[in-house]
Amino acid sequence: MNSSAPRPAAAAGSRAGMKKELPEHFRSYKHVWVFIEFEQGEIHPVSLELLGEGRKLADQLQVELAGVLLGGCGAALTGAAGICHSYGADVVYVVAHPVLADYRNEPYTRVMTDLVRKFEPEIMLLGATVLGRDLAGSVATTLQTGLTADCTELAIDDERSLAATRPTFGGSLLCTIHTLNFRPQMATVRPRVMPLPVPDTSRTGRIVEYQAELEESDIVTKVIDFLADRNSESAQLAFADVAVAGGLGLRSAENVSLVRDLAQVLGGDWGGSRPLVQKGWIPSDRQIGQTGKTIRPRLYIAAGISGAIQHRVGVEGSDLIVAINTDPNAPIFEFAHLGVVGDATVLLPALTEAFRSRLAVNRLAG
Amino acid sequence: MRIFVCIKQVPDSAQIRVHPVTNTIMRQGVPTIINPYDLFGLEEALRLRDRFGGEVTVMTMGPPMASDSLRKALTYGADRAVLLTDRFFAGSDTLATSYALANLIQKASDNWGKPDIVFCGKQTIDGDTAQVGPGIARRLGLTQLTYVSSIDAIDPSHGTITVRRRADHGVQVLQSRLPAMITMMEGSNEIRRGRIEDALRAASAEVVQWNAAAAGITDLGHCGLRGSPTVVKKVFAPPSREEKATLVGEGAANPTAVANDLITQIFARQPVLEGDLMHAAARH
């Protein structure tokens with residue numbers, strides 16, 4: 001509840017220094033697991049990103065990396081398991097059952113807890129998606145273990161335990177959290193926070209099929225319809241090679257078009273900071289930052305954005321960050337690679353024109 | 001209908017600083033509010049009560065001053081407010097918090113009857129974990145319905161409910177059974193302006209206060225720091241990068257010159273990108 005003022009310090013003072021031995025019954029818990037989100041016949045990219053991260057943790061611990069794949073159709077799951085192998089999984093636990101065809105909390109929680117009790121992983125990672133957040137809290141509570149949400153960094157410490165770092169207190173600070181005496185150590189990570197690994201299709205691995213004992217009649221919640229989103233325009237923002245975003249420095253809703261124009265010339269996508277959503281200048285699915293989308297483009301251009309921590313954690317994975325801001329002391333210049341001190345509404349049109357002619361000249365030359 | 005609404009009192013501002021020496025969070029002087037995500041559940045609860053009759057009980061766990069938020073909830077029209085407060089709960093992580101709140105709900109059920117629905121916030125603005133609601137549902141065996149954008153049908157006498165739930169790639173329409181733990185999506189409704197009568201009533205209403213023993217919690221090993229499997233080892237400000245942004249275009253004659261300088265710098269650092277953009281442009 002974080003109510004008393006010095007909570008984290010009290011925690012650090014009274015507990016962190018006196019790590020007890022891991023209870024005997026948890027010592028057999030080994031290996032790193034990634035819950036593979038598989039819906040509408042597709043693996044959610046966050047699960048592949050987590051396989052990349054899980055691979056590093058497993059290598060450091062010298063244990064196996066496993067994917068856990070639940071769904072309704074065995075054949076589709078086998079195909080998906082192959083993808084997990086190519087992204088680094090040594091083994092994939094496959095649970096096929098008609099009751100698992102659509103995600104529902106109750107049967108998924110039951111199967112995941114059964115699997116943990118049977119196969120005893122020491123670490124379990126899930127995507128911090130709607131599905132992952134719905135499932136993780138239920139699984140952790142059933143297993144009575146620790147769960148750290150929305151991690152931005154995962155590491156193994158000297159004592160072989162998971163050090164999970166996340167933003168805290170509204171994104172103004174970071175904290176590192178450990179689950180010392182319970183297993184598995186659970187963590188969720190938001191999409192695009194970790195890089196997508198390069199798949200190796202020659203890589204193979206084992207598949208362990210698990211027979212779940214489920215009866216549809218035992219499950220109280222029924223999915224009676226699914227209204228798929230129409231491919232929203234912004235669906236690709238998180239995966240764009242080039243992203244351009246605007247902040248309050250645009251000064252008016254009309255000037256959002258300057259951001260869109262530049263993105264278009266660069267064949268990229270566009271978004272904005274949280275204040276623009278609050279003002280109603282851009283739709284909420286265009287928000288970039290901790291509470292919006294996390295992006296990792298090769299080039300990110302932030303125009304008129306001051307760069308508060310909550311924006312920073314959403315863009316830090318970009319290869320090259322270019323900032324335009326009138327205030328030379330804006331925090332964005334602390335983490336941007338290239339900066340221009342100036343008015344975004346003046347520079348954006350100039351940049352759009354300059355890129356247009358540069359790319360056109362090169363096209364002629366090429 | 002009998003409805004419980006779990007709320008949390010949170011700091012209003014992200015302006016929380018760390019003490020440079022002790023590395024503790026300095027929360028003093030920061031104004032508090034009801035976690036904004038909790039208000040969507042509260043409003044939904046009040047609407048259901050207005051439609052079907054019954055009562056809405058708001059509850060929280062926190063320090064004695066958290067009664068301010070409960071009283072605020074009464075001004076919106078909640079019928080009863082309960083505060084669980086005890087030093088044993090200090091330092092609770094999400095697992096210990098859901099333990100305490102599940103016990104609080106149990107005790108409230110013994111006193112006033114079992115709820116048809118427990119509303120929780122989708123997440124809080126200070127912790128952002130979204131774990132306490134599912135934890136409560138799991139402990140009490142409630143149907144878990146998170147990210148609900150609308151309740152399409154509800155029949156308290158038969159214990160059935162149909163909701164729309166915001167999933168990752170679309171909207172799930174779910175038919176399920178009460179009692180349920182529901183978290184509402186932001187924007188699904190708007191908290192009402194409380195009536196004058198409610199404000200007057202709230203000013204003098206009693207906020208029921210229970211400590212751990214009064215809530216029937218005897219196993220303190222599940223509470224607070226002791227009952228929390230997670231341990232915060234370190235709180236720190238994000239490290240600043242060693243090199244700051246290289247400034248471009250200083251002293252340039254006009255915006256076009258600045259733009260050209262900037263583009264040269266961008267492609268100097270990302271040489272492959274230029275070719276890729278060129279190919280992409282050529283395709284259009």
Side-chain angles (χ1 to χ4, degrees), chain A residues 1 3-12 15-16 105 129-131 133-134 137-138 141-142 145-147 149 169-170 172-180 182 220-229 267 298-299 320 323 333-336 338-340 346-347 350-351 354 358-359 362-363, chain B residues 14 16 22-25 27 61-63 90-92 97 126 129-131 134-135 138 143-144 146-147 167-177 229-238 240-241 244-249 255-256 258-260 262-263 265 269-270 273 277-278 280-282:
Chain A
M1 65 180 166
S3 2
S4 57
R7 188 220 160 189
R15 289 266 304 255
N105 178 268
T129 58
V130 169
L131 192 167
R133 285 180 151 215
D134 187 79
S138 303
T141 306
T142 311
T145 191
L147 166 61
F169 298 103
S172 50
L173 297 167
L174 296 169
C175 66
T176 301
I177 294 176
H178 292 241
T179 295
L180 295 179
F182 297 86
V220 300
T221 301
K222 310 293 176 193
V223 180
I224 56 177
D225 204 357
F226 184 82
L227 315 163
D229 290 339
R298 292 159 71 188
L299 170 62
L320 184 65
F333 292 119
E334 305 275 326
F335 61 93
L338 294 172
V340 176
V346 174
L347 196 66
L351 207 48
R358 170 110 177 199
L359 294 172
N362 277 346
R363 184 163 22 145
Chain B
I16 302 171
T22 60
N23 216 29
T24 56
I25 299 301
R27 281 173 167 249
M61 173 176 85
S92 295
T97 300
D126 59 347
T129 68
Q131 289 165 11
R138 198 70 205 153
T143 304
Q144 175 170 324
T146 55
Y147 302 93
D168 288 300
H169 311 290
V171 174
Q172 274 186 325
V173 183
L174 298 175
Q175 200 169 58
S176 193
R177 297 199 60 80
T230 61
V231 175
V232 178
K233 275 211 168 175
K234 187 166 72 158
V235 178
F236 56 103
S240 50
R241 243 208 353 239
K244 294 189 178 181
T246 305
L247 293 183
V248 179
T256 305
V258 179
N260 283 321
L262 185 56
I263 291 171
Q265 289 276 350
R269 291 175 185 236
Q270 292 279 309
L273 186 66
L277 290 181
M278 195 182 72

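Everything numeric in this text was worked out from a predicted model, so none of it was measured. A note on names: the letters A, B, ... follow the listed sequences, proteins ahead of strands, and every chain is numbered from 1.
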From [atom1] ([X]) to [atom2] ([Y]), nearest 0.5 Å:
X	Y	atom1	atom2	result
A:His178	B:Lys234	NE2	NZ	8.0 Å
B:Arg269	A:Leu320	CZ	CG	6.5 Å
B:Leu277	A:Arg298	CG	CZ	7.0 Å
A:Leu338	B:Leu262	CG	CG	6.0 Å
B:Lys244	A:Phe335	NZ	CZ	12.5 Å

(request) Measure from the side-chain N and O atoms of B:Asp168 to the backbone N and O of A:Leu131, and report whether any donor-acceptor pair falls under 3.5 Å. (result) yes
(request) Report yes or no: does B:Gln172 contribute a side-chain atom to a donor-acceptor pair with the main-chain N or O of A:Asp225 at less than 3.5 Å? (result) no
For residues [X] and [Y], determine if any side-chain heavy atom of one lies less than 4.5 Å from a side-chain heavy atom of the other.
X	Y	result
B:Leu174	A:Ile224	no
A:Leu351	B:Ile263	yes
B:Val235	A:Leu174	no
A:Phe182	B:Thr230	no
B:Leu247	A:Val340	no
A:Arg133	B:Thr146	no

(request) Under 4.5 Å heavy-atom distance to chain A, tell me which part of B:Thr143 shows up: side chain, backbone, both or neither. (result) side chain
(message) Need one label for A:Thr145: side chain, backbone, both or neither, based on atoms under 4.5 Å from any heavy atom in chain B.
(response) backbone
(request) Can you tell which part of A:Ala228 gets under 4.5 Å to a heavy atom of chain B, answering side chain, backbone, both or neither? (result) both
(message) Among A:Asn105, A:Leu347, A:Leu299, which residue has the highest count of heavy-atom pairs closer than 4.5 Å to chain B?
(response) A:Asn105
(request) Pick whichever of A:Cys175, A:Ala350, A:Gly339 has the most heavy-atom pairs under 4.5 Å with chain B. (result) A:Gly339
(request) With sequence neighbours excluded, tell me which residues meet side-chain hydrogen bond (donor to acceptor under 3.5 Å, both in side chains) with A:Thr221. (result) B:Ser176
(message) Looking at every heavy atom in both B:Ala259 and A:Ala354, which two are closest together, and how far apart are they?
(response) CB-CB, 3.9 Å
(request) Test A:Thr176 against B:Val232 for side chain to side chain contact (heavy atoms under 4.5 Å, CB included), laying out the working first. (result) CA-CA 6 Å; A:Thr176 301; B:Val232 178; over 6 Å; no
(message) I'd like to know which of B:Gln144, B:Arg177, B:Gln270, B:Gln265 tops the heavy-atom pair count under 4.5 Å against chain A.
(response) B:Gln144
(request) Say whether B:Arg138 and A:Ser138, considering side chains only, have a donor N or O and an acceptor N or O under 3.5 Å apart. (result) no
